[in-house]
Amino acid sequence: MAPIKISQVKKTYQGNVTAIHGLDLDIEDGEMVVLVGPSGCGKSTLLRMIAGLETITDGTISIGGEVVNRKEPAERDVAMVFQNYALYPHMSVRQNLEYGLKNRGTPREEIDRRVNEAARVLEIAPFLERKPRQLSGGQRQRVAMGRAIVRQPKAFLFDEPLSNLDAKLRGQMRIEIRRLQRSLKTTSVYVTHDQLEAMTLADRLVVMNAGRIEQVGKPIELYDRPASLFVAGFIGSPPMNLFKLEALSRVTGQDLSTTLPENTDIVGIRPDRIEAGRGAGLHMFGVVELIEPVGGESHLYVRAEGLDQAVIIVVEGPSTLSEGEVLDFVLPLSALHPFNTATGRRTD
Amino acid sequence: MVENRPFLAFLTHLVLIAGVAVIVFPVYIAVVAATHDATAMSSGMMPLWPGAHLWDNLMLTLTHQTPGLPPFWVMAWNSLWMAVIITAGKIAISILSAFAIVYFKFPFRNLAFWLIFITLMLPVEVRIIPTYSVVANLGMLNSYLGLTVPLIASATATFLFRQFFMTIPDELMEAARVDGAGPMKFFRDILLPLSRTNIAALCVILFIFGWMQYLWPMLVTTDRNYYTLMMGVKRMAAVADADPQWNLIMASVVLAMLPPILIVIFMQRLFVKGLVETEK
């Protein structure tokens, strides 16, 4: 267990393609940090640099207070869980778990103790003598986790470990990873492009875009107060509605430039903060184009005249409306997020 | 394509059977010839049905020494050695070079690969004079080294292993690195076991390749103790001032065919597995 400190880290590939632009991040001891962002944002590259699988062009990464830039992955004492599990296909599950320990010269009794313990925790004891190909996706995932746990490393690195699983299993494993990490209190870095996974797993969430950090914070902070347009659009499902201020003013007939901070030219609102009916705030109306009932709530796509995209509204329970009906709704002023397009940042 | 056309089925089977017959008939004649005594063979009519002297002919071949040739078992031993050394050498060298080409980044890596690859166009038959000269200058004539070393470098096997290694996900190598395995440990613990079926398939092909060599051993060996079976059989047929003893020659041929057949029979399952599936 150890804190990880990333300072001014850059990654430039051959041909001057910069994947990461001078990035700083402090990960505390025992913390679970999730790196999230669209593909190509550099999150995997960053993880692989921490693991030692990718060289660091500039800057330093230290694990447990020790700069590891020039160390081999094995010397960094980190364990990694890969997206495709990367289990050794010709070895039994037990041999897979033991391999890293054997290479480190761990005594036999200690290996057995740790493997049995990990097998018990992950409930893979019945498969210990099987080959990976005889296991299901979920079981393979557990073995991959087991291989990381038995090492008792300074840090766990997860590279989209759940994206090869089906949705149900993914939910299950997510909870297990969370529980496991909490009980082991091992510093963890988790890379994903799935924002639900990111929100639910993270102690702290790092949203990355184009090789830079957009925002770092507790998941709920990022949700409640996104620092940039990118974060606003990325975190939350269905995504935040973003309106041009000028279009919104025209449609609602209210001059918003005085009530909102200076330089605001784009306004966002979460779909679940829009209220149906007439109340205090910006009043609008539109034709319901599409209703997506998702169980506990319904997503309405409402076409309001004068806006170039549909307004997404989340209402509780099954909707009593039908497609084609006209709906009145209100955007409460307190729920608006003001942004500036040019800087991409929040203006308040 | 699922079709039910009896005539087409008949025709395809006919073509297949004809093809098999073309290949099998000479082998059959060899076996038949090995079962007759010398008088039957010298009558001028080739018998088409097996005779009763197979055992005598085989025994005679194994014990009787043709003038000018070493005993049968010496030639068999030479052939076996040659085939085994070539097989082992080719596999060892090509798997290591494929490992280097796929898993290490070094300058001119691609050039190295293509240099190996274009040697496909230069088999021994093409470069026979320079190769002979090199072997002669190194003093390797009449030795097992001379018989085998020039045939060991193999672009085909290197290419095969390269293609196979490239299908192994990089994450496996990365997982091994994180698990504390250095390059050679990764090679030994992960790559080698995964290549098992490929190696087996290559063993079959290469053993037969080595066993069948005729031209090269004939060039580099003048000492009869280094003669191989293929050369011996040819020489038995080319005796001066006498009729070749076809029954004995064919008995040698039958014996010489046995090792490749045994190899194919026993490694067939692994061989097919190695060619069609990869264990991932």
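Side-chain atoms are counted along with the backbone in the values below, which use heavy atoms only and exclude waters and symmetry mates. The sequence lines fix the lettering, A, B, ..., with proteins before strands; numbering per chain opens at 1. No experiment lies behind these values; they were computed from the predicted model shown.
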A.B. asks: Are there residues of residues 75-82 of chain A that reach to under 4.5 Å of chain B by heavy atoms, and which ones?
C.D. replies: A:V78, A:A79, A:M80, A:F82
A.B. asks: How about CZ on A:R70, more than 12 heavy atoms from neighbouring residues, nucleotides or ligands closer than 6.0 Å, or not?
C.D. replies: no
A.B. asks: What closest approach, in Å, do A:M91 and B:I190 show between heavy atoms, and which atom pair accounts for it?
C.D. replies: CE-CD1, 3.9 Å
A.B. asks: Check whether more than 12 heavy atoms from other residues, nucleotides or ligands sit under 6.0 Å from atom NZ of A:K5, and answer yes or no.
C.D. replies: no
A.B. asks: Assess whether atom CZ of B:F108 is packed by more than 12 heavy atoms of other residues, nucleotides or ligands within 6.0 Å.
C.D. replies: no
A.B. asks: Strictly less than 4.5 Å between heavy atoms, which residues of residues 170-183 of chain B line up against chain A? Please order them by number.
C.D. replies: B:E171, B:L172, B:E174, B:A175, B:A176, B:R177, B:V178, B:D179, B:G180, B:A181
A.B. asks: Name the region of A:L87, side chain, backbone, both or neither, that has any atom closer than 4.5 Å to a heavy atom of chain B.
C.D. replies: backbone
A.B. asks: Please name all residues satisfying ring pair (Phe, Tyr, Trp, His ring centres under 6.0 Å) with B:F72, sequence neighbours left out, ordered by chain then number.
C.D. replies: none
A.B. asks: For the interface with chain B, which of A:P132, A:A144, A:A86, A:A148 has the highest count of heavy-atom pairs at distances below 4.5 Å?
C.D. replies: A:A86
A.B. asks: Which residues, numbered in order, of residues 39-49 of chain A come under 4.5 angstrom of chain B by heavy-atom distance?
C.D. replies: A:R48
A.B. asks: If you take all heavy atoms of A:H90 and B:D189, which pair is closest and at what distance?
C.D. replies: NE2-O, 2.6 Å
A.B. asks: Around atom CZ of B:F266, are there more than 12 heavy atoms from other residues, nucleotides or ligands closer than 6.0 Å?
C.D. replies: no
A.B. asks: Just wondering, are more than 12 heavy atoms of other shown residues or ligands nearer than 6.0 Å to CZ in B:F106?
C.D. replies: yes
